[in-house]
Amino acid sequence: LAKTTQPISMDSYEGQEVNITCSHNNIATNDYITWYQQFPSQGPRFIIQGYKTKVTNEVASLFIPADRKSSTLSLPRVSLSDTAVYYCLFSGSARQLTFGSGTQLTVLP
Amino acid sequence: EAEVAQSPRYKITEKSQAVAFWCDPISGHATLYWYRQILGQGPELLVQFQDESVVDDSQLPKDRFSAERLKGVDSTLKIQPAELGDSAMYLCASSFGRGGLDTQYFGPGTRLTVL
């Protein structure tokens with residue numbers, strides 16, 4: 001079963017850049033790395049997906065080293081509204097997504 | 001922007017009672033998923049439909065849980081009888097295609113409390 005390891009929690013201050021790292025030692029060749037965000041009492045929301053190197057969209061960047069055994073989600077200049085749980089997971093070779101426990105990011109004023 | 005609809009948003013029931021949750025996916029999405037999320041944990045897939053067919057229900061407790069998507073559009077998840085350990089958030093999601101690469105769009109969930 002695809003397994004990821006993330007920090008349980010992180011704190012940051014408004015305006016700072018936040019980097020959340022995820023390790024995935026058993027990622028398969030066909031797997032992409034996907035990040036979801038979840039606010040309390042809401043369903044998860046897709047943030048970004050990548051295979052290797054760097055991917056950037058309007059809300060985040062995703063850095064994936066050459067060995068693909070880890071990935072880093074980068075959130076530029078976070079605000080209070082970025083306080084949420086962030087999940088790193090595989091997608092591609094498996095038909096289903098397997099969520100871990102995620103990282104609780106708390107942004108402080 | 002199209003959204004996944006779920007109802008009810010909250011449900012309180014007593015153990016041994018039957019409960020049912022409804023989900024209406026985004027129009028045109030072929031794949032529908034039901035997840036269960038226990039407080040403090042990530043979502044756990046219960047069942048996945050491709051159109052009206054079940055493609056994965058390996059984690060569905062079939063002695064008490066059932067799910068259907070009769071016309072390949074909306075779906076119902078039922079629990080009978082409910083147990084205390086079923087208290088959780090039940091999330092529905094849909095995607096345009098099948099497989100993990102497709103972005104899943106989640107509904108707001110149904111919060112179930114079993115007393």
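Every chain is numbered from 1 and lettered A, B, ... according to where its sequence line falls, protein lines coming before strand lines. Quick caveat: nothing in here was measured; it's all calculated off a predicted structure.
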Original post:
Using a cut-off of under 4.5 Å for heavy-atom pairs, which of A/Gly102, A/Pro44, A/Gly100, A/Gly43 has the most such pairs with chain B?
Top reply: A/Pro44

Original post:
Who wins among A/Phe99, A/Phe46, A/Tyr87 for the most heavy-atom pairs under 4.5 Å with chain B?
Top reply: A/Phe99

Subject >> Expected output: side-chain B/Arg64 to main-chain B/Pro81 donor-acceptor under 3.5 Å >> reply: yes

Can a side-chain donor-acceptor contact be found between [Y] and [X] if the only test is distance below 3.5 angstrom?
| X | Y | answer |
| --- | --- | --- |
| A/Thr72 | A/Thr21 | yes |
| A/Glu14 | A/Ser79 | no |
| B/Ser53 | B/Asp51 | no |

Original post:
By a 4.5 Å heavy-atom criterion (distance strictly below it), what part of A/Gln104 contacts chain B: side chain, backbone, both, or neither?
Top reply: neither

**OP:** Quick one: sort the B/His29 and B/Phe96 rings into parallel, tilted or perpendicular, breaks at 30° and 60°.
**Re:** perpendicular

Original post:
Which bit of B/Pro43 is near chain A, if near means a heavy-atom gap under 4.5 Å: side chain, backbone, both or neither?
Top reply: both

Original post:
Measuring heavy-atom distances to chain A, does B/Gln37 have an atom under 4.5 Å in its side chain, in its backbone, in both, or in neither?
Top reply: side chain

